[in-house]
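For reference, the structure is listed below as structure tokens.
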Amino acid sequence: MSKTEVISKEKAREFDKQDEFQQYRDEFFLQQEQIYMDGNSLGLMSKRAETKVNELMESWKVLAIQGWTKGNYPWFYLPEKLSEMCAPLIGAESKEVMICGSTTSNIHQLVSTFYKPNGKKTKILADELTFPSDIYALQSQIKLQGYNPDEHLIRVKSRDGRMIEEDDIISKMTDEVALIFLPTVLYRSGQLLDIERLTKEAHKRGIKIGFDACHSIGAVPHQFSDWGVDFAVWCNYKYLNGGPGSVAGLYVNKKHFGIEPGLTGWYSSKKDKQFDMSHTLEVEESAGAFQVGTSHILSLAPIIASLELFAEANIEKVREKSLQITRFMMELVEQELEGLGYYIGNPMEDGRRGGHVCLEHDEAIRICKALVEEGVIPDNRPPNIIRLAPIAFYTSYEEVFDTVQTLKRIVLEKRYEQYGKERNVVS
Ligand SMILES: *Cc1c(COP(=O)(O)O)cnc(C)c1O
């Protein structure tokens, strides 16, 4: 689209007609009179997810204990089946991927495995804009090693409060650093870090590096194996539509197979030995070794459905639409919202942004409350961020158009003024 062309509602409808993803809209439970822009926080439920949950409930009802090895999805092998389905989204071999735990528990697992302070190398390198749970986990891992996190957790500073420059991260990769742990996409600004470059630079200095891919999985393709990333974690309830608190994922590069997990349990066993019930653990030679206890079978059910949809749609195509529809939103913001106090806080270049648009406004909290009242579901990150995520699978261009019009009306007509300034408990 040329810059001078005015984007109209008709234009949005035209884009929808050409959009291959229109066929997937009907796969999801969209609410009447509502525009859902929060798929980066909690993806919508798909109809197939409901079917899979019912199917797994039925297997429990009918098969009981025999469900571990019988039925359409024998429970004992379901995590491995999901690893295979998820591997293309990570850019890894199936054996390098496991669907288990939660993001935070997987951080604890993999940091306790790969953070081995030795001599001068005692520090963990992270960044100051990272998600709090990641920081809390790193701090407790440092304490468990007998160190003071105030000294041993380095947080790379942001120059503008939005982005973290790769150059600044690299300049902190000193010989005191034992481990690096960073997000792939920053949860506020949506900045996509150059994972390949950072991995190369870390390895040049003999430092292991892991990533939190919560905000890129299902929105951005990854090539973790090719890039040589040591490990990664992610959740499956954001762009992956796995449902509230659904089971998370982890990746461990195959060069580390056989390493003793920081946290072990009977699910770390070689699968054929697990039921020997021996007190001597024989660690599985795959990412499966990093499981601890029994798989959360019912919470895995929606992920089967989600990964089927991704296999059909193809992650490269998902990324293509995601870039196009977020760009469409940014162009509309520039066209419609000038002078109303909105500022686009995410990087503008395609290669540097994830799947959401980060709109900043001094009245973000009250604008978000007004948006919900007007049928648009955003999320709010204090103090001043409105995150909006048009999702490849189920958001239409027309909905993006209407969202921007709503943002305009709320400020132009001062509709936000009728709401309180306090943040909601869950925002
Ligand atoms: C969503 C998110 C989490 C959430 O962790 P849970 O263990 O699932 O609660 C952690 N880190 C990042 C970067 C996230 O985006």
Side-chain angles (χ1 to χ4, degrees), residues 37-44 82 86 89-90 98-112 124-141 153 155-156 158 162-164 169 180-193 195 198 209-220 222 224 229 231-251 262-263 290-293 295-296 299-300 302-303 306 322 345-346 353-358 378-382 385 387-389 391 425-427:
M37 284 289 166
D38 203 11
N40 59 318
S41 247
L42 180 72
L44 287 181
L82 290 171
C86 185
L89 300 186
I90 290 301
M98 183 41 61
I99 305 301
C100 62
S102 70
T103 305
T104 310
S105 71
N106 288 342
I107 296 173
H108 279 294
Q109 168 64 297
L110 296 179
V111 172
S112 69
I124 297 182
L125 182 59
D127 71 274
E128 71 164 359
L129 298 181
T130 245
F131 198 87
S133 202
D134 300 44
I135 291 295
Y136 303 159
L138 295 176
Q139 286 168 329
S140 61
Q141 288 297 324
L153 179 62
R155 273 169 274 187
V156 178
S158 164
R162 300 183 179 98
M163 321 290 175
I164 300 284
I169 300 172
I180 303 169
F181 189 66
L182 296 166
T184 50
V185 167
L186 276 65
Y187 77 102
R188 297 161 75 90
S189 69
Q191 178 196 357
L192 171 62
L193 286 174
I195 302 161
L198 292 168
I209 185 163
F211 287 91
D212 183 326
C214 276
H215 276 277
S216 57
I217 183 84
V220 180
H222 307 80
F224 282 161
V229 169
F231 67 91
V233 300
W234 59 89
C235 65
N236 288 314
Y237 51 77
K238 292 171 182 163
Y239 293 95
L240 258 285
N241 312 313
S246 82
V247 183
L250 60 80
Y251 153 88
L263 311 170
F290 301 90
Q291 298 172 92
V292 181
S295 320
H296 308 282
S299 296
L300 288 171
I303 305 175
S306 172
S322 164
N346 54 275
R353 57 196 182 89
H356 71 265
V357 171
C358 165
D379 76 15
N380 163 235
R381 289 294 170 262
I385 292 174
R387 291 193 307 187
L388 298 164
I391 300 297
V425 179
V426 174
S427 68

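Atoms within each ligand, like the ligands themselves, are counted from 1 in listed order.
Within the 4.0 Å heavy-atom criterion, neither part of Thr130 lies near ligand 1. Heavy atoms from both the backbone and the side chain of Thr103 come within less than 4.0 Å of ligand 1.
Atoms of ligand 1 found under 4.0 Å from any heavy atom of His215 (numbered from 1 in listed order, with element): 15 (O). In the vicinity of Ser102, heavy-atom distances shorter than 4.0 Å reach the ligand 1 atoms 7 (O).
The nearest protein atom to atom 3 (C) of ligand 1, hydrogens excluded, is given as Phe131 CE2, 3.5 Å; this is a heavy-atom distance. Looking from atom 2 (C) of ligand 1 to the surrounding protein, the closest heavy atom is Lys238 NZ, 2.5 Å. In terms of protein heavy-atom proximity, atom 11 (N) of ligand 1 is nearest to Asp134 OD1, 2.7 Å. The closest protein non-hydrogen atom to atom 4 (C) of ligand 1 is Tyr237 OH, 3.2 Å.
Classification of the Phe181-Phe231 ring pair by plane angle, with boundaries at 30° and 60°, yields parallel. Aromatic ring pairs are classed by plane angle as parallel below 30°, tilted from 30° to 60° and perpendicular above 60°; the pair Phe211 and Phe224 is parallel.
Looking at ligand 1, you won't find any N or O of Ser105 less than 3.5 Å from one of its N or O atoms. For a threshold of 3.5 Å applied to N or O pairs, the pair formed by Asp212 and ligand 1 contains at least one separation below that value. Below 3.5 Å of separation, one finds an N or O of Thr104 facing an N or O of ligand 1.
Using modelled atom types and a 3.5 Å distance limit, the side chains of Asn241 and Ser306 yield no donor-acceptor pair. In the model, Ser133 has a side-chain atom that pairs as donor or acceptor with a side-chain atom of Thr104 under 3.5 Å.
Taken to the nearest 0.5 Å, the NE2 atom of His356 stands 6.0 Å off from the OH atom of Tyr239. If you take CD1 on Ile180 and CD1 on Ile209, they are separated by 4.5 Å, rounding to the nearest 0.5 Å.
Gln191 contributes a side-chain N or O that, together with a main-chain N or O of Ile164, makes up a donor-acceptor pair within less than 3.5 Å.
No side-chain heavy atom of Arg381 sits less than 4.5 Å from a side-chain heavy atom of Ser189.
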